[in-house]
Protein chains: 2
Amino acid sequence: MTAFVSPSTGRQLKAVLFDTFGTVVDWRSGVAAEIRKFGDRHGLALDPFGLADKWRAEYQPSMETVRSGHRSYVPLDQLHLENLKRVLERSGLSPAGFTSEDLGELNRAWERLPAWPDSRDGLHKLKSRYVIGPLSNGNTALLVNMGKNAELPWDVVVGLDLLRVYKPDPAAYLGAASVLRLDPGEVMLVAAHNGDLGAARAAGLATAFVPRPSEHGPGQTTDLVPASGWDAVAADFIQLAQMLTEGAALAH
Amino acid sequence: MTAFVSPSTGRQLKAVLFDTFGTVVDWRSGVAAEIRKFGDRHGLALDPFGLADKWRAEYQPSMETVRSGHRSYVPLDQLHLENLKRVLERSGLSPAGFTSEDLGELNRAWERLPAWPDSRDGLHKLKSRYVIGPLSNGNTALLVNMGKNAELPWDVVVGLDLLRVYKPDPAAYLGAASVLRLDPGEVMLVAAHNGDLGAARAAGLATAFVPRPSEHGPGQTTDLVPASGWDAVAADFIQLAQMLTEGAALAH
């Protein structure tokens with residue numbers, strides 16, 4: 001079985017790394033479910049999906065404070081907790097009304113996200129041929145617990161806390177390849193987000209797009225189609241695994 | 001199923017980390033087998049076990065040049081390659097007589113070490129209850145390839161190259177716990193080496209001793225018995241898994 005050769009890098013793939021939030025796991029349903037439990041525990045009538053969307057909306061801006069150099073690196077789970085408190089405050093729920101254990105428990109929602117239905121099977125098939133792991137802004141502890149809860153068969157879990165950067169900083173993509181002692185062109189990023197793939201390609205990685213059209217719920221309008229000629233485009237991880245392990249033709 | 005409580009740390013275990021060379025995998029048989037292949041490829045009559053022992057004998061001295069501050073951190077696979085060239089030279093085989101591909105291939109012997117017969121089953125059982133991973137002086141790429149070749153079901157693989165230290169530097173044990181967002185007392189080191197366990201305990205970790213009486217061959221005289229009252233002492237990983245998952249009494 002020959003390895004997939006990336007048309008853009010000209011190299012045989014050795015490792016296939018994955019964006020996680022939205023690409024491997026369904027953060028919106030998972031976080032909404034945990035918010036519902038939180039509301040039930042505290043006798044509050046909350047809007048689980050609305051709050052999940054508001055919490056996620058704080059994600060990029062909070063990482064940007066680090067990427068821009070306005071603040072030194074802090075791990076994602078700390079940003080998630082700060083963002084949660086901000087969202088609760090804006091929703092008229094004073095964070096001071098909850099114990100740090102309550103808030104910490106809700107914050108761990110990001111470690112209990114359900115995998116998309118095809119994720120596990122596709123990862124197992126890819127694992128038979130490539131080194132697989134996350135290439136996520138999540139910190140290592142978060143990703144290890146997520147992987148254990150969702151039974152993701154990663155070969156390696158190195159969170160970007162170990163490199164103290166956040167995607168799309170080129171150092172995130174280059175560092176992930178370097179940790180595996182591989183050339184960037186031997187590493188593929190799989191993501192449901194064209195922006196992430198663009199940054200990975202600029203750093204010299206191979207790229208694959210797998211759309212997740214309900215990541216943001218029924219009304220999603222972004223990342224429904226590939227925005228560029230990525231090395232591979234697949235409907236789900238199972239088709240991607242077939243393309244990368246059975247030498248199938250490119251999807252475009 | 002309640003978690004094992006470490007008598008020495010008083011904490012419930014969350015993660016069980018393993019020394020790898022000698023504890024999880026049989027470096028001597030594995031390296032000797034690769035040296036035999038190397039000799040056959042080059043029509044050389046070598047002493048596989050003798051050379052394996054000489055190569056391993058360079059391990060601690062080479063790391064000591066880094067631990068002592070005489071040289072800045074370099075990953076273990078680089079030290080292994082330097083040590084290999086030194087051993088070949090001393091054996092009357094000029095490294096210059098081989099291509100860098102030849103030597104690199106032999107150096108990857110450390111990524112192809114066989115697991116001890118009980119390792120995989122014990123790790124699978126422990127994985128059902130704890131986060132499991134290596135806590136090894138190997139660098140991440142080496143450990144990822146070793147784990148894939150030996151089918152070790154690690155939840156996390158963070159080599160000490162990411163912390164730029166070598167055991168028994170306390171920063172190695174403390175850093176491993178920190179990466180997992182755990183207190184040192186919630187993490188257990190499993191090792192076949194009393195010295196490694198002593199350093200782990202000094203850093204605040206829980207400890208378990210599993211003897212590997214043939215690690216150094218038939219004449220082994222070291223690390224045959226526990227040198228201290230470690231939290232657990234087991235004959236192999238299967239017994240260790242029973243002790244840590246079935247609330248069995250301590251082995252001492």
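Order of the sequence lines fixes the chain letters, A, B, ..., with proteins taken first and strands second; residue numbering starts at 1 for each chain. Values below: all heavy atoms of this structure, side chains included; hydrogens, waters and symmetry mates excluded.
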Per-residue contact mode, A/Val158 against chain B (heavy atom under 4.5 angstrom): side chain

Heavy-atom pair of closest approach, residues [X] and [Y]:
| X | Y | answer |
| --- | --- | --- |
| B/Lys148 | A/Lys127 | NZ-O, 2.6 Å |
| B/Val157 | A/Val156 | O-CG2, 3.8 Å |
| B/Arg181 | A/Asn139 | NH1-ND2, 3.8 Å |

Selection from B/Leu163, B/Asp161, B/Asp155, B/Leu180 maximising heavy-atom pairs under 4.5 Å formed with chain A: B/Asp155

Largest heavy-atom contact set with chain A, pairs under 4.5 Å, which of B/Leu182, B/Val144, B/Leu142: B/Val144

Segment of B/Val179 engaging chain A (4.5 angstrom heavy-atom cut-off): both

